[in-house]
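Read through the structure below, which is laid out as structure tokens, and then see the notes.
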Protein chains: 2
Amino acid sequence: MSRSNPRVLSTLERAGGFASAQEVYRLMQREGESIGLTTVYRSLQSLVSDKIVDVLRRDDGEAIYRMCGGAHHHHLVCKGCGDTVEIEGGAIEKWAKTIASEHGFKDVGHTAEIFGLCPKC
Amino acid sequence: MSRSNPRVLSTLERAGGFASAQEVYRLMQREGESIGLTTVYRSLQSLVSDKIVDVLRRDDGEAIYRMCGGAHHHHLVCKGCGDTVEIEGGAIEKWAKTIASEHGFKDVGHTAEIFGLCPKC
DNA sequence: TCACAAATGAAAATGGTTTTCATTTCCATG
DNA sequence: CATGGAAATGAAAACCATTTTCATTTGTGA
């Protein structure tokens, strides 16, 4: 197992808590930090599985990492500019639980995302 | 420029209007259609820019294409055996619409998937 | 100091997607 | 019918983010 390199988290914070692995890597290089791309990826993965950061996808498929508040939430994503808003998913939680138990499923989780065009786009 | 190959659209329809380029390609091959992967990608891109299909991303970054407009459904997926059940998403539709309009978003779509362990697993 | 686990990173592998380019298919015109 | 150019096609190569491999370094407890 590998633990997160703290400089990665601090760089992500400094980047506004919103950057791709490649961007974090380039940023650290530009600042003279000695680190390998592999370590950046591993640290980000570890931060994700520890729920310290959230991962989502740009339109081109590149993963972007973002510091997030603790509670489980969903995203409203703009198809135009990629802007995202964290949203509550109360209704979804109930829906998922209901449907799952109707079909006898246990140990249930879910994903949900809403996308559209934001007012600016 | 290239126009969409109609067999690509028809295959996407047959797939339930929800598949990746690779899946459409494999499906067409399995059905004996002679087509290249390049053409599948080009056709899907063209369908997207014509707003006939929508594109979004799986968690692993793979692009999935979906017919917009046609009735869509969601999936209940077993983490154990991969079995999937198609489900209605009435509650979700409303939730997505409400949340989106609260934030001034237009042209709204959504994804949602429930996963868990089916009775057999 | 010694030994062993964890961390690191360079390089190679992976895999979806895009680009290149030579070839084939269409189709309007003479 | 030609025939000439535009559009479509697809095999192979290029691309690029991400993951894996593996040899090396670092840290730590005995």
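Naming: A, B, ... by sequence-line order, numbering from 1 per chain. Since the structure is predicted, the reported quantities are computational estimates derived from the model, not experimental observations.
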Worksheet entry | Shortest non-hydrogen contact between A/A96 and A/V108, atoms and distance | O-CG1, 4.3 Å
Fill in: Pairs satisfying ring pair (Phe, Tyr, Trp, His ring centres under 6.0 Å), at least one member in residues 84-104 of chain B, at least two apart
A/H74-B/W95
Discussion item. With no hydrogens and no angle check, just 3.5 Å: does a side-chain donor-acceptor pair link A/Q45 and A/Y65?
Written reply: no
Fill in: Modelled atom types, side-chain donor and acceptor of A/E33 and A/Y25, under 3.5 Å
no
Worksheet, complete the sentence: B/S/- along nucleotides 17-26 of chain D (protein heavy atoms under 4.0 Å) is SBBB------
Discussion item. Check the phosphate of C/dA7 against A/N5, side-chain N and O only, distance under 4.0 Å to OP1 or OP2. Yes or no?
Written reply: no
Worksheet, complete the sentence: Rounded to whole Å, the CZ-P distance (B/R58 to C/dG15) equals 15 Å
Worksheet item: Under 3.5 Å, is there a donor-acceptor pair between the side chain of B/R57 and the main chain of B/I64?
Response: no
Worksheet item: Which atom pair, heavy atoms only, marks the closest approach of B/A100 to A/I114?
Response: CB-CG2, 4.4 Å
Worksheet item: Between A/R3 (CZ) and C/dA5 (P), how many Å, whole number?
Response: 16 Å
Practice prompt. With salt bridge (Lys or Arg N to Asp or Glu O under 4.0 Å) as the test, would you mind laying out the steps for A/R14 and A/E23 before giving the verdict?
Written response: CA-CA 12 Å; A/R14 219 163 331 107; A/E23 284 164 357; over 6 Å; no
Worksheet item: Could you give the angle between the helix axes at the two ends of the helix from C/dT1-D/dA30 to C/dG30-D/dC1, with five pairs per end, rounded to 10 degrees?
Response: 10°
Fill in: Integer-rounded Å distance: D/dC16 P and A/Y25 OH
16 Å
Discussion item. Under 4.5 Å between side-chain heavy atoms, counting indirect links through other Ile/Leu/Val/Met/Phe/Trp/Tyr residues: same cluster for B/L12 and B/I52 or not?
Written reply: yes
